[in-house]
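Being a predicted model, the structure only gives us computed values, none of them experimental.
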Amino acid sequence: MADPKGFLTTGREGAKTRPVAERVKDWNEVYVPGSLLPIISKQAGRCMDCGIPFCHNGCPLGNLIPEWNDYAYREDWSAASERLHATNNFPEFTGRLCPAPCEAACVLGINQPAVTIKNVEVSIIDKAWDSGDVTPQPPERLSGKTVAVIGSGPAGLAAAQQLTRAGHTVAVYERADRIGGLLRYGIPEFKMEKVHINRRIEQMRAEGTKFRTEIEIGRDIDAAKLRQRYDAVVIAAGATVSRDLPVPGRELNGIHFAMEYLPLANKVQEGDFVQPPITAEGKHVVVIGGGDTGADCVGTAHRQGALSVTQLEIMPRPGEERNANQPWPTFPMLYKVTSAHEEGGERIYSVSTTHFEGDEDGNVQFLHLVEVEFKDGKLEQKPGTERKIPAQLVTLAMGFTGTDRSNGLVEQFGLELDERGNIARDENFATNVDGVFVAGDAGRGQSLIVWAIAEGRSAARGVDRYLTGVSELPAPIRPTDRALTV
């Protein structure tokens, strides 16, 4: 497979990023355009022909990684694209946004830097778009069955594309003004330019998928009536309820959920605003939450001209090497320096916010915090470590707690929830309501983009079987499958 000695003769080399001073002045993707193609064939040649490719286990989509590594090494880009699309509807999304559990499970990664699987993936799909290898795939005949998909994030789009190609007439309902869900308004432009979403939407339109924006099921259309209009419904509404921070001063102006802050910055790039209604310009910014959404807030604040950016995390700083309790091939918790962190700011670990302090006009001015540590399995404050830091804009990026229930969708359908508050489903991704299925974070809880696409593909098989009695669509995962962790 690929170069038999590649993993011995070629070191790992990743995508090159543009200089920080240059990229913080614009919203283009941080990587140097075209920098991967000159090196990517040799990087793909590092794939080991390892016999049992554990990267398959790390990826819920079951991506055929050694196969498209081999084609990329041989520069057979059309064949590589075919293998890539065999398991993944949107590799340009995952190649830019997925944290790559496949690389954590790479056999080479046991004692060397893993194969740059993400970089190979994104190189193949970008080359495929440039070469015209990505074309609409309309069905040969229509089934006469209709499906409504609620939500246009990665799970909803994957389910819609699979069902459209199976011959069903599919309409995607999105409550925002543009298609894409969190891909559109939660992911900053510097991580993924929206041209990648737009051309996939055009491909899906050409295949026959219909899109309905600015329609919220539960508010604009009664969910029960929607069920009557379609032969089946797929709920892919995500887990969009943000986790709050109920401490004194939370009501002050200038404290916002990340998903209040980030979409407005993206709307500027869409041309909806000249300046965002919430901006970091000239302010001391504090981001609460150490995950990817928090990093997105950090990078956005840099580009808006923040005076300072501080990111807080309640957990201890992770190590830079695998811990013994996170052995290969599990996905380890490691210290990550994202492109946003390269651009500046301070990261503070093992701290908890006690309260916010405002001025006489009700605007937040300071955040009070205290150091914390684990004792007997519990998080406790360390006496004498209290301090305050300036904060004129605070973004809460502490994750999501479940599907939005305020719009009435859950109640109008009469859906049952599981013990975590997610929409319950059976082994076919079907809910307790006949003909209603659920895919993505709405059923799984907050997860990764690669799991969302896998859910959408698997739920599509359940819907297809429900409508026709049999299905040839792939189902890479079961609803009960979980990431390869300890």
Side-chain angles (χ1 to χ4, degrees), residues 2-3 6 9-47 65 68-69 71-77 80-81 84 88 90-100 102-103 106 113-134 183-184 187-200 262 265-266 268-270 292 295-305 309 334-345 449:
D3 181 355
T9 59
T10 303
R12 178 179 169 114
E13 188 175 355
K16 292 181 174 60
T17 55
R18 296 185 291 131
V20 168
E22 171 190 320
R23 70 186 194 232
V24 295
K25 295 178 181 177
D26 61 45
W27 294 83
N28 300 328
E29 288 185 10
V30 301
Y31 296 104
V32 176
S35 64
L36 278 175
L37 279 181
I39 66 169
I40 206 62
S41 292
K42 279 196 170 185
Q43 289 301 306
R46 299 181 69 236
C47 193
I65 295 164
W68 41 258
N69 275 334
Y71 285 124
Y73 169 67
R74 302 177 193 281
E75 298 190 5
D76 188 344
W77 300 109
S81 174
L84 194 56
N88 187 351
F90 314 118
E92 64 270 45
F93 300 167
T94 53
R96 287 173 166 83
L97 304 176
C98 182
C102 54
E103 293 188 18
C106 174
V115 175
T116 55
I117 298 172
K118 266 183 65 171
N119 284 179
V120 177
E121 178 180 27
V122 80
S123 298
I124 294 170
I125 184 57
D126 285 354
K127 183 74 171 178
W129 278 109
D130 292 342
S131 303
D133 287 334
V134 184
L183 293 173
R184 173 74 64 181
I187 302 297
E189 195 87 357
F190 58 82
K191 282 183 68 174
M192 185 179 75
E193 295 173 8
K194 300 308 177 277
V195 63
H196 303 295
I197 303 175
N198 296 340
R199 59 188 179 186
R200 277 297 178 185
L262 293 174
N266 279 357
V268 173
Q269 307 312 308
E270 296 281 2
D292 288 339
D296 293 344
C297 293
V298 170
T300 299
H302 287 319
R303 284 159 179 78
Q304 290 179 342
V309 183
L334 300 176
Y335 178 71
K336 290 197 309 181
V337 179
T338 70
S339 64
H341 297 127
E342 291 173 352
E343 294 161 2
I449 182 174

* **Under the side chain to side chain contact (heavy atoms under 4.5 Å, CB included) test, residues paired with Val30 that sit two or more places apart** => Thr17, Arg23, Phe190, Arg303, Ser339, Glu343

* Asked: Salt-bridged, Glu270 to Arg184, with N to O below 4.0 Å?
  -> yes

* To do: State the SG-NE2 distance between Cys297 and His302, to the nearest 0.5 angstrom.
  => 11.5 Å

* Around atom NZ of Lys42, are there more than 12 heavy atoms of other residues, nucleotides or ligands at under 6.0 Å? -> no

* Answer whether the closest heavy-atom distance between the side chains of Val122 and Pro91 falls below 4.5 Å. => no

* Structure fact -> Across all chains, not counting sequence neighbours, the salt bridge (Lys or Arg N to Asp or Glu O under 4.0 Å) partners of Glu75 are none

* **Verdict with reasoning, Tyr71 to Ser41, per side-chain contact (heavy atoms from CB on, under 4.5 Å)** => CA-CA 9 Å; Tyr71 285 124; Ser41 292; over 6 Å; no

* Could I get the full list of ring pair (Phe, Tyr, Trp, His ring centres under 6.0 Å) partners for Phe90, not counting sequence neighbours? => Phe93

* Structure fact -> Sorted by chain and residue number, the side-chain hydrogen bond (donor to acceptor under 3.5 Å, both in side chains) partners of Thr94 (sequence neighbours excluded) come out as Asn88, Glu121

* Considering only heavy atoms from C-beta outward, does the side chain of Tyr335 approach that of His341 to under 4.5 Å? -> no

* Listed partners of Asp130 passing side-chain hydrogen bond (donor to acceptor under 3.5 Å, both in side chains), at least two apart -> none

* For Asp76, what residues pass the side-chain hydrogen bond (donor to acceptor under 3.5 Å, both in side chains) criterion, not counting sequence neighbours? -> none

* **Under the side-chain hydrogen bond (donor to acceptor under 3.5 Å, both in side chains) test, residues paired with Ser131 that sit two or more places apart** => none

* Asked: Roughly how far, to the nearest 0.5 Å, is CD1 of Ile117 from CG of Asn69?
  -> 6.5 Å

* **Distance in Å, Leu37 CG paired with Ser123 OG, rounded so as to fall on 0.5 Å steps** => 5.5 Å

* To do: For Lys16 and Gly14, indicate whether the former's side chain and the latter's backbone hold a donor-acceptor pair under 3.5 Å.
  => no

* Structure fact -> Smallest heavy-atom separation, Ala301 atom then Val309 atom, equals CB-CG2, 3.9 Å

* In Å, rounded to the nearest 0.5 Å, how long is the span from CD1 of Ile197 to CG of Leu183? -> 5.0 Å

* Structure fact -> In terms of heavy-atom contacts, Ala72 and Ala80 come closest through N-CB, 4.3 Å

* To do: Please confirm whether the backbone N or O of Ile187 pairs with a side-chain atom of Asn266, one donor and one acceptor, at under 3.5 Å?
  => yes

* Closest non-hydrogen atom pair, Ile65 against Cys102 -> CD1-CB, 3.7 Å

* Apply salt bridge (Lys or Arg N to Asp or Glu O under 4.0 Å) to Glu103 and list each qualifying residue two or more places apart in sequence or on a separate chain. => Arg12

* Residue pair Arg96, Asp126: steps toward the side-chain contact (heavy atoms from CB on, under 4.5 Å) verdict -> CA-CA 11 Å; Arg96 287 173 166 83; Asp126 285 354; 2.9 Å; yes

* What is the distance from atom OG of Ser81 to atom CD1 of Ile125, rounded to the nearest 0.5 Å? -> 5.0 Å

* Asked: Under the side chain to side chain contact (heavy atoms under 4.5 Å, CB included) test, which residues partner Ile39, sequence neighbours left out?
  -> Glu13, Leu36

* To do: Not counting sequence neighbours, which residues clear side chain to side chain contact (heavy atoms under 4.5 Å, CB included) with Glu193? List them please.
  => Asn28, Glu29, Glu189, Val195, His196

* Asked: Would you call Arg74-Asp3 a salt bridge at under 4.0 Å N-O?
  -> no

* Rounded to the nearest 0.5 Å, what separation is found between the CH2 atom of Trp27 and the NZ atom of Lys191? -> 13.0 Å

* Asked: Sub-3.5 Å donor-acceptor pair from the side chain of Asn119 to the main-chain atoms of Ala15, do we have one?
  -> yes

* Residue list, salt bridge (Lys or Arg N to Asp or Glu O under 4.0 Å) with Asp292, at least two apart or on another chain -> Lys336

* **salt bridge (Lys or Arg N to Asp or Glu O under 4.0 Å) partners for Lys118, two or more places apart** => none

* salt bridge (Lys or Arg N to Asp or Glu O under 4.0 Å) evaluation trace for Glu92 with Arg199 -> CA-CA 11 Å; Glu92 64 270 45; Arg199 59 188 179 186; 5.1 Å; no

